[in-house]
Protein chains: 2
Amino acid sequence: MRPVFKIWLENNGKVFGEGPLEILQKVEKMGSLRSAAAQMGMSYNKAWRLIAALEERLGYHILEKRVGGASGGGSKVTSNAQQLMKRYSDFKEEAAIMLEKLYYKHFEDFEGD
Amino acid sequence: MRPVFKIWLENNGKVFGEGPLEILQKVEKMGSLRSAAAQMGMSYNKAWRLIAALEERLGYHILEKRVGGASGGGSKVTSNAQQLMKRYSDFKEEAAIMLEKLYYKHFEDFEGD
DNA sequence: TGCCGTTATACTATTTATAGTATATTGCTA
DNA sequence: TAGCAATATACTATAAATAGTATAACGGCA
């Protein structure tokens with residue numbers, strides 16, 4: 001038996017979590033939402049809707065988007081979103097460690113399994 | 001913006017969490033799964049399937065069930081399950097406090113919202 | 001033995017989430 | 001100005017989760 005957890009941020013509905021973090025990391029690396037989605041095996045359509053929903057709930061943009069041009073365009077993570085990524089990521093990492101410890105504290109002598 | 005989290009236990013799939021805890025608490029109070037479900041506004045069918053799935057994954061019974069008889073029957077939480085309830089409940093409560101603190105540590109000076 | 005309220009379980013329906021397909025638009029470049 | 005690769009968005013299709021309905025079986029008791 002093992003503990004599993006999910007942590008996310010809410011504002012008017014879910015605003016940031018594991019999924020968005022991963023997408024944004026890929027966008028930083030690839031330079032476009034389309035190729036980021038492709039690399040994750042996710043359809044561009046899904047990725048786009050996910051980002052759109054987040055931006056609406058957050059009330060500010062997490063991607064600077066350019067349409068057209070030499071390369072067709074591309075997307076860049078805003079500095080606001082970069083901060084959010086770092087904070088959420090650190091927060092989650094620490095949480096994982098604490099929860100693991102807490103689990104052992106409460107369950108190490110449990111005989112139910 | 002605020003942090004939201006879910007914690008549960010897994011064995012071969014989800015084995016215990018917030019929902020099961022609440023049902024079992026109600027069963028203890030009411031004496032039957034049917035009336036526990038009713039009180040939660042949940043169909044008996046759903047409650048029954050939930051319990052059945054849990055028992056299969058845990059490998060032991062969490063309810064002692066009596067069918068028929070004067071009162072029609074009833075269910076009682078096994079002592080194994082009682083332990084599980086207490087430990088999970090304490091674990092989750094502490095986790096909530098720790099995560100709240102951790103959130104403020106990482107986000108108190110965040111200007112993104 | 002007939003009634004009652006419970007557990008047990010199959011089967012169907014509905015809703016929700018997720019995924020895919022198609023098409024328009026943009027703006028640099030050859 | 002034609003082509004390219006990206007964003008933008010509507011519309012449809014599919015899958016998965018969730019909920020509901022119906023029915024059988026049980027066993028005390030009047």
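So that the names make sense, note that chain A is the first sequence line, chain B the second, and so on, each numbered from 1.
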Name the residue from B:T78, B:I23, B:L24 that meets the side-chain contact (heavy atoms from CB on, under 4.5 Å) definition with B:L63. B:L24

Assert: residue with more 5' nearest nucleotide on DNA chain C, out of A:S71 and B:G74, is B:G74

Is the number of heavy atoms from other residues, nucleotides or ligands within 6.0 Å of NZ (A:K76) greater than 12? no

Between B:K105 and A:D90, does any NZ, NE, NH1 or NH2 come within less than 4.0 Å of an OD or OE carboxylate oxygen? no

With heavy atoms under 4.0 Å as the rule, sort B:S75 into base, sugar-phosphate or nothing. sugar-phosphate

Looking at every strand, decide which applies to B:G68 at a 4.0 Å heavy-atom threshold: base, sugar-phosphate, or nothing. base

Salt bridge or not for B:E94 and A:K101, using N-O below 4.0 Å? no

Scan A:G73 against the nucleic acid and name what it touches under 4.0 Å (heavy atoms): base, sugar-phosphate only, or nothing. sugar-phosphate

If I take atom NZ in residue A:K26 and atom P in nucleotide D:dA6, what distance separates them, rounded to the nearest angstrom? 17 Å

Which ones in residues 37-48 of chain B lie close to DNA chain C, meaning a heavy atom under 4.0 Å from one of its atoms? B:Y44, B:N45, B:W48

How is B:R49 classified with respect to the nucleic acid when contacts are heavy atoms under 4.0 Å: base, sugar-phosphate, or nothing? base

Do other residues, nucleotides or ligands put more than 12 heavy atoms under 6.0 Å from the CD atom of B:E10? yes

Would you mind telling me which residue lines up with the more 5' stretch of DNA chain D, A:K65 or B:G69, judged by nearest nucleotide? A:K65

Is the closest side-chain heavy-atom distance between A:M1 and A:F107 below 4.5 Å? yes

Residue A:S32, side-chain heavy atoms: nucleotide from D:dA6, C:dC28, C:dA8 that is nearest: D:dA6

Between B:M30 (CE) and C:dT6 (P), how many Å, whole number? 9 Å

Would you kindly give the CD1-to-P distance between B:I62 and C:dT7, to the nearest whole Å? 13 Å

